[in-house]
Amino acid sequence: MIGQPYDLAGKRVYVAGHRGMVGSAIVRRVGLEGCEVLTASRAELDLKNQAAVRAWFAANRPDAVFLAAAKVGGILANDSFPADFLYDNLIIEANIIEAAHVQDVEKLLFLGSSCIYPKFAPQPITEDALLTGPLEPTNEWYAIAKIAGIKLAQAYRRQHGRDFISAMPTNLYGPGDNYDLAGGHVLPALIRKAHEAKLAGAAAIEIWGTGTPRREFLHVDDLADACVFLMRRYSGESHVNAGSGEDIAIADLAQLVCDVVGFEGAIQRDTSKPDGTPRKLMSGDKLAGMGWQPRIGLREGIAGAYRDFLDQSVTKRGL
Ligand code: GFB
C-alpha cells in the first residue's frame, strides 16, 4: 500500500551501519532529502549492547531510522561463521527496533536480504514466497536472522501501530564493497581476482563452484534510492523486494568482469567450493508498481565498482 508521502525534509534521520556499503550509500542518497543525517561510529555506540542503544536513541531522538547495520559476507563467510551471522544480526536488529519503538520513532526501514527465500522458490521470487520451503543451508543462519527482523518490524506494526517497514535487496555491489577474497561476495572477489591476474600476467583466474548458479545484481546506489523511495512512499506489513530484474550465470559474470577489467586469460572452476542456491531472481513487480525503477546497468555499474576498487587500493597503499 502506498501511504501519505513521509517527508524526510527537516527530520532527524539515523542511518545505522553508515560505514558499510549499504549504509554509506543511504547516507549519500538521504542527504539529498534536506534532513539531518545522524550516524554513530562503532566506538561511540555498540549496537550489540541493548542499554547503549536505548541510551543513544534517548539522547539523539531520531525521527526516522534506516536499519542497514548487519554482519554480512559471502557464501563462505556465511557457511563458516553461523553463530556470528545468527547472533550478531538478531541482537543488532532487536536492539534497534525495540529502541525505535520506545523512543516513538515515526518511521523505520529494515533491510533484509534475498536469501530469506526458500532455496527452490519459484522464480522470479515474489514476496509471498517467504516461509514456504527450506532455506539454502550455507546461509540459513543469516536468513533466519533477517526473517526475524522482518517479523519484528511486522510485530511492532501490529501490536503498537508503528510505521516500521522492510525492504529485501537482492545481491548488491558498488562503492565501499568488501574486496576480501575469503569473506566477501562474488562480484568484488571477481574484480580483485581479475585485476591481480592482469597485473601478474597470469594465465587464468579461479571462480568458486560450477559457475552455473544464477544471481541478480543491483548497484548499491540504486538500492539506496529504492530505500528512500520506500521510506517516503510505502507503508505496509509486507516486505518489498528491491532488485534489478535480471540475473546472470556466475561464469558469464566472471567473463563480464574480466572484460571490464581488461584481463584476457582463462576462467577456471574450483568445484570444491559451494554453489549455494541455484538461482535467486526476485520479482520486482511490487516496487515497480509503485513507480520505482533501477537506473544503473550491470556493465556500467561494474566499471564504477572497478574504479572504486582501484581507489581503495591506492588509499590502502597510502599513495
Ligand atoms: O556472492 P556470493 O558469495 O553469495 O556467491 P550468495 C555467489 C555465487 O558466486 C556462488 C560463486 O555460487 C559462489 O560459489 N562464486 C564464484 C564466488 N567465485 C566466487 C568468489 O570468488 N567469491 C564468492 N564469494 N563467490 C550470499 C549469502 O550468498 O549472498 C548471504 O551467503 C547473502 O547470506 C548474500 O544473502 C547476498 O548469493 O551465494
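One is the number of the first residue; the rest follow in order along the sequence. Order of listing sets the numbers, starting from 1, for every ligand and every atom in it.
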**Student:** Indicate yes or no: does an N/O atom of Ile75 lie under 3.5 Å from an N/O atom of ligand 1?
**Tutor:**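 Yes - when backbone and side-chain N and O of Ile75 are compared with those of ligand 1, one distance drops under 3.5 Å.
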
**Student:** Within less than 4.0 angstrom of ligand 1, does Asp275 place any heavy atom?
**Tutor:**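 Heavy atoms of Asp275 do come under 4.0 Å of ligand 1.
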
**Student:** With heavy-atom distances below 4.0 Å as the criterion, list the atoms of ligand 1 near Ala189.
**Tutor:**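 Counting from 1, the qualifying ligand atoms are 20 (C), 21 (O), 22 (N).
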
**Student:** Is the shortest distance from a Lys or Arg side-chain nitrogen in Arg12 or Glu36 to a carboxylate oxygen in the other one below 4.0 Å?
**Tutor:**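 A salt bridge is present here (some side-chain N lies under 4.0 Å from a carboxylate O).
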
**Student:** At what distance, to the nearest 0.5 angstrom, does SG of Cys35 lie from CE of Met231?
**Tutor:**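 Going from the SG atom of Cys35 to the CE atom of Met231 covers 9.0 Å.
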
**Student:** Could you list which atoms of ligand 1 come closer than 4.0 Å to a heavy atom of Cys115?
**Tutor:**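 Those qualifying, in numeric order: 33 (O), 35 (O).
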
**Student:** At a 4.0 Å threshold, what atoms of ligand 1 neighbour a non-hydrogen atom of Pro274?
**Tutor:**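 Checking each atom against Pro274, I get 13 (C), 14 (O).
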
**Student:** For ligand 1, which atoms, with element, lie under 4.0 Å from some heavy atom of Asn78?
**Tutor:**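 Numbered from 1, ligand 1 contributes 27 (C), 30 (C), 31 (O), 33 (O).
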
**Student:** Can you label the angle between the Tyr14 ring and the Phe57 ring as parallel, tilted or perpendicular, going by 30° and 60°?
**Tutor:**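 Rings of Tyr14 and Phe57: perpendicular, over 60°.
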
**Student:** Please state which option from Glu216, Arg215, Arg214 has its nearest heavy atom closest to atom 37 (O) of ligand 1.
**Tutor:**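 It is Arg215 that holds the nearest heavy atom.
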
**Student:** Counting each atom of ligand 1 from 1 as listed, which ones have a heavy atom of Ser113 under 4.0 Å away?
**Tutor:**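 Reading through ligand 1 atom by atom, the close ones are 32 (C), 35 (O).
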
**Student:** Only heavy atoms of Gly74, strictly under 4.0 Å: list the atoms of ligand 1 that pass.
**Tutor:**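 Near Gly74, the atoms of ligand 1 are 3 (O), 31 (O).
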
**Student:** Checking contacts here: is it the side chain or the backbone of Ile207 that comes within 4.0 Å of ligand 1, counting heavy atoms only? Could be both or neither.
**Tutor:**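 Both backbone and side chain.
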
**Student:** Can you list the ligand 1 atoms lying under 4.0 Å from a non-hydrogen atom of Gly73?
**Tutor:**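 Answer, ordered by atom number: 30 (C).
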
**Student:** Any Lys/Arg nitrogen of Arg215 or Asp247 sitting under 4.0 Å from an Asp/Glu carboxylate oxygen of the other?
**Tutor:**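 Here Arg215 does not pair with Asp247 in a salt bridge, since their nearest N and O are not under 4.0 Å apart.
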
**Student:** Should you measure from each heavy atom of Lys193, which atoms of ligand 1 turn up under 4.0 Å away?
**Tutor:**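 Checking each atom against Lys193, I get 20 (C), 21 (O).
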
